[in-house]
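Within every chain, numbering begins at 1; the chains are lettered A, B, ... in the order of the sequence lines, protein sequences first and strands thereafter.
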There are 2 protein chains.
Amino acid sequence: MSLPHAILTALLEKPSSGLELTRRFDKSIGFFWPATHQQIYRELGRLEEAALIRALPGPPARGRRREYEVLDAGRAALRDWVAASEDPRPVREPLMLRLRAAAVVGSEGLAEELRRHRQLHAERLAAYRDIEARDFPDPAGAPEGVRLQHAILAAGIGMEEFWIGWLTGVLGTLGED
Amino acid sequence: MSLPHAILTALLEKPSSGLELTRRFDKSIGFFWPATHQQIYRELGRLEEAALIRALPGPPARGRRREYEVLDAGRAALRDWVAASEDPRPVREPLMLRLRAAAVVGSEGLAEELRRHRQLHAERLAAYRDIEARDFPDPAGAPEGVRLQHAILAAGIGMEEFWIGWLTGVLGTLGED
DNA sequence: CTCGGTTTTGCACTCAGTTGCAAAAGGTGC
DNA sequence: GCACCTTTTGCAACTGAGTGCAAAACCGAG
């Protein structure tokens with residue numbers, strides 16, 4: 001139930017076509033909820049059918065650009081969702097399973113993979129830091145909306161830092177740092 | 001592709017029936033890869049068909065307990081998987097989307113939900129700490145297998161601590177801590 | 001204007017995870 | 001032994017996400 005609300009949010013920030021949404025997802029919302037263009041088009045169709053968004057006028061046709069905007073019902077649905085209650089989704093971390101498997105059958109070949117993951121996390125961390133420097137020069141003094149957006153980014157930064165530190169620790173445990 | 005390997009690992013630690021596996025998942029592997037009994041039975045069937053595990057002798061019958069053990073091919077497959085390369089799965093964090101939605105339509109009702117999440121994370125953290133105190137009195141001096149198992153738990157502890165701290169920070173941002 | 005490449009939209013299929021439910025065996029009280 | 005409850009196994013249908021691919025419109029070169 002998250003993708004439709006992510007799309008509503010993005011459309012409220014700026015009415016867009018499916019392809020624009022896809023591009024914007026790739027550089028912001030997608031960090032915490034990736035989506036392909038196929039998913040997005042499907043969801044736009046459902047949202048339109050549910051009368052939460054509407055396409056700006058023009059003859060509907062395949063291959064023809066369609067710009068969407070959020071209707072009042074959509075805004076209301078989003079507001080409800082913000083206040084709704086939903087449990088955190090279960091953690092699913094294949095790397096933990098692999099460590100556990102390694103504890104049983106031996107850790108042959110594992111260290112290299114851990115280093116690769118550390119590298120990937122480091123790259124993502126650098127990307128987040130860039131965005132932070134560019135878009136949030138003074139988060140503390142900003143209005144609530146901006147402070148919330150910064151909090152999201154801060155979560156990403158914190159997570160990546162955590163994984164990098166943890167991976168380094170495990171590599172130490174394997175005598176391979 | 002993770003569940004079958006999780007099951008192989010669990011069966012190597014101790015041959016079990018489907019129901020036993022389900023129970024063991026609930027208190028250990030399931031923290032990082034939850035699975036229902038239906039999933040587990042389905043996967044046991046596939047693993048048996050692939051000749052990676054076998055049921056201990058006895059007439060196969062529905063409703064009748066079947067104990068499984070890992071075959072050499074299964075152990076080999078697991079070893080390969082430990083050394084395999086697999087990208088971290090994309091992050092999917094609905095709470096981040098809700099913050100972002102809140103930045104657009106207002107944060108009405110959000111703080112309560114954040115407190116609830118903080119509470120849930122605190123409970124899980126406490127559970128992890130209990131396990132740590134009970135099962136890992138001296139992780140540093142233990143053999144590699146045990147150190148790896150402790151690293152898994154340490155990841156869980158670190159994650160929960162991180163979320164608790166971050167949620168507290170956001171609540172502060174909302175002027176609601 | 002028409003041909004070919006690009007953009008934009010969208011369908012169809014697969015796969016993993018979730019939920020609901022039922023069938024077969026085993027155990028317990030009468 | 002039989003009536004009933006519990007344990008254990010398993011099927012079936014659904015949902016959300018991922019992948020491949022194609023159709024319609026658009027656009028620039030000649």
Distance, rounded to the nearest Å, where A:L44 contributes CG and C:dC11 contributes C1': 15 Å
So what does B:R89 hit on the nucleic acid, given a heavy-atom distance under 4.0 Å: a base, only sugar-phosphate, or nothing? nothing
Under a 4.0 Å N-O cut-off, is there an ion pair linking B:R98 with B:E113? yes
So which of A:I131, A:I152, A:D26 actually passes side-chain contact (heavy atoms from CB on, under 4.5 Å) with A:F31? A:I131
Going 5' to 3' along DNA chain D, between which two nucleotides do contacts with chain A fall, using a heavy-atom cut-off of 4.0 Å? D:dG16 to D:dC26
Taking B:I164's backbone N and O only, do any of them form a donor-acceptor pair with B:R118's side chain (distance below 3.5 Å, no angle check)? no
Atom-to-atom span, CG of B:L19 to C1' of C:dG26 - whole angstrom: 14 Å
May I ask you to decide whether A:E108 forms a salt bridge with B:R79, counting only side-chain N to carboxylate O separations under 4.0 Å? no
Starting at the 5' end of DNA chain D, which residue's closest nucleotide do you reach first, B:H37 or A:E43? B:H37
Any ion pair linking B:K14 and B:E20 (charged N to carboxylate O, less than 4.0 Å)? yes
Between A:R65 (CZ) and C:dT7 (C1'), how many Å, whole number? 10 Å
How long is the line joining CZ of A:R42 and C1' of C:dA12, in whole Å? 10 Å
Let me spell it out: for each of B:R92 and B:E67, pick the nucleotide of DNA chain D with the closest heavy atom. Which residue's pick is nearer the 5' end? B:E67
Can you measure A:R23 atom CZ to C:dT6 atom C1' for me and round it to whole angstrom units? 11 Å
A:R46 CZ to C:dC11 C1', straight-line distance once rounded to whole Å: 13 Å
Is there a donor N/O on one and an acceptor N/O on the other, under 3.5 Å, for the side chain of B:Q38 and the base of C:dG17? no
Can you tell which of C:dT19, C:dG26, C:dA12 lies closest to the side chain of B:T36? C:dT19
Any idea how B:H121 and B:H117 line up, ring-wise: parallel (<30°), tilted (30 to 60°), or perpendicular (>60°)? tilted
Determine whether B:S16 and B:E67 satisfy the following criterion, side-chain hydrogen bond (donor to acceptor under 3.5 Å, both in side chains), listing intermediate values before the conclusion. CA-CA 5 Å; B:S16 306; B:E67 193 101 352; 5.5 Å; no
Just to be sure I understand the rule, does B:Q39 reach a base, reach only the sugar-phosphate, or reach nothing, if contact means heavy atoms closer than 4.0 Å? base
Check whether any side-chain N or O of A:R66 sits under 4.0 Å from OP1 or OP2 of C:dT7, and answer yes or no. no
